[in-house]
2 protein chains.
Amino acid sequence: MAIDTKERILDVAERLFADSGFATTSLRDITSEAGVNLASVNYHFGSKEGLLSAVLHRRIGPVNERRVARLDEIERFKGQDAAKVDEILRAFLTPPFELRAELGVRGATFTRLMGRVHTETNDEFRQSFVGQLSVVVARFTQALQRALPSLEPTELSTRMWFLIGSMAYTMMWGESVGLGEGGTRDPETVLESLIEYGAAGISAPAREPVPVRAGRKSRGAGA
Amino acid sequence: MAIDTKERILDVAERLFADSGFATTSLRDITSEAGVNLASVNYHFGSKEGLLSAVLHRRIGPVNERRVARLDEIERFKGQDAAKVDEILRAFLTPPFELRAELGVRGATFTRLMGRVHTETNDEFRQSFVGQLSVVVARFTQALQRALPSLEPTELSTRMWFLIGSMAYTMMWGESVGLGEGGTRDPETVLESLIEYGAAGISAPAREPVPVRAGRKSRGAGA
DNA sequence: GTCTATATGCGGATAGAC
DNA sequence: GTCTATCCGCATATAGAC
């Protein structure tokens, strides 16, 4: 028994954090389900926050590395300016789905966790998370900007944000009841839909920059 | 003093829940900041869960009512089959932004709360929330289906989901640091961007329904 | 590294006076 | 309706034996 306490804790914590969130999951929940001693968490990870950090960074790093690697590959083979929007989005969106498949039965949990990560408000974690993600997103935004030179940079950033929101929401709730009728769709199909939806949205022609002098903006209360 | 204890509690709870989440906000945090007695929460709302429910439903109801009212109006004036995708999306997305403006200084808090609502995992609440939202979403999905008759229904549902994800993410994080460079954009501009992004995504031509016999699907580990 | 036992505090909730 | 005082369980964390 006790094949690898540290690993067991990480696996169970990942599942419980993904299902119920960080604040509502107690160390007792984790250790009892993992079959390890309560004190071992503090021994191995220092604190509950330390455990959260370990759980998340075990997954986040690889995802972002793959994203960048895929984009590198595209640009190396096709040249920086030849990458198309859907190819760029595929490079960004595929890694979490790919890792999900590689993790087998743990895949669903991993996916929920990766979705939840985007909504986590724990200050310390969020700062580190956003810091890492920003670097990756900046790289992808540059690539997209080259594919869509006429699109205003701030508008492009906003749209990239929309994409991330769709991705996070889908990962978080994709496997649960869902909103619409039609039952769950398999992850690969959803990924394809997301790429094609996002590509169309990001490539949409921009509206006139600041539509002030038209009839708009007359209604509505002040801020 | 004690103008209206119940209202004071609701206002402070809304802000703290929006900023820090339900689980991490204690009743003591709320009552001390609101300047009311600890026991008053249980007196007025029965329990902490009761308070959460009251906080959320005070906002969710009106948002959904306005959504439906706007869609009704469009269909009444133009006929059911004449509503365009961007008009339908505008009807769905405008109400939260509109209410935000009407709430004045409380608007930012309201927006964060409405964003967070989509990520809340509290079972009892989520069930009720999804139940209400499903009804509204079904109505909008029908309208969109009429505007896009050739789009497969399950694909449309998926895309509507993507839209909700973008909306929720934007509401939750729109006012904070953000990921990209360009500073915060004002809510009305973001709303316009979201409508146009979503309309393009939802209207995107569908890929061939089930691309199985092509070269795809050969890579990747099994589920 | 792993365990038991325990320190110490915060949490929601309520009893009962006013 | 509002307050004080208190119950009581659960939380994280650690001391110290093994």
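Every chain is numbered from 1 and lettered A, B, ... according to where its sequence line falls, protein lines coming before strand lines. Note that the coordinates shown come from a computational prediction; the quantities given were computed from them, not determined experimentally.
- Each of A:G46 and A:D29 has a nearest nucleotide on DNA chain D; the 5'-most of these lies closest to A:D29.
- The side chain of A:A39 lies closest to D:dA15, out of C:dT2, D:dA15, D:dC3.
- If you measure from atom CG of B:N42 to atom P of D:dT4, you get 16 Å, rounded to the nearest angstrom.
- Atom CG of A:L27 is separated from atom P of C:dT4 by 16 Å (rounded to the nearest Å).
- Between the side chains of A:S40 and A:H44, not a single donor N or O lies within less than 3.5 Å of an accepting N or O.
- Atom C1' of nucleotide D:dA13 and atom NZ of A:K48 are separated by 12 Å, given to the nearest angstrom.
- In this model, no donor atom of one side chain and acceptor atom of the other lie less than 3.5 Å apart for B:T109 and B:E14.
- Proximity of B:N37 to the phosphate of D:dT4: a side-chain N or O atom is located under 4.0 Å from OP1 or OP2.
- A 4.5 Å side-chain heavy-atom check between B:L103 and B:R59 finds at least one atom pair inside the cut-off.
- A straight line from CZ of B:R28 to P of C:dT14 spans 14 Å, rounded to a whole angstrom.
- B:L16 places its CG atom 12 Å from the P atom of C:dG11, with the value rounded to the nearest Å.
- Distance B:E49 CD to C:dG11 C1': 14 Å, rounded to the nearest Å.
- Cation-pi contact between A:K48 and A:F22: present, with separation from the ring centre below 6.0 Å and deviation from the ring axis of at most 45°.
- Between D:dT14, C:dG12, D:dA13, one nucleotide has an atom nearer to the side chain of A:L38 than all others, and that is D:dA13.
- If you measure from atom CD1 of A:I9 to atom P of D:dA13, you get 13 Å, rounded to the nearest angstrom.
- A:E152 has no carboxylate O lying under 4.0 Å from a charged side-chain N of A:R159, or vice versa, which leaves the two without a salt bridge.
- C:dC3 atom C1' lies 13 Å from atom OH of A:Y43, rounded to whole Å.
- Taking side-chain N and O atoms only, A:T5 has a distance below 4.0 Å to OP1 or OP2 of C:dT2.
- Residue B:S26 is classed as a sugar-phosphate contact, given heavy-atom separations below 4.0 Å to backbone atoms only.
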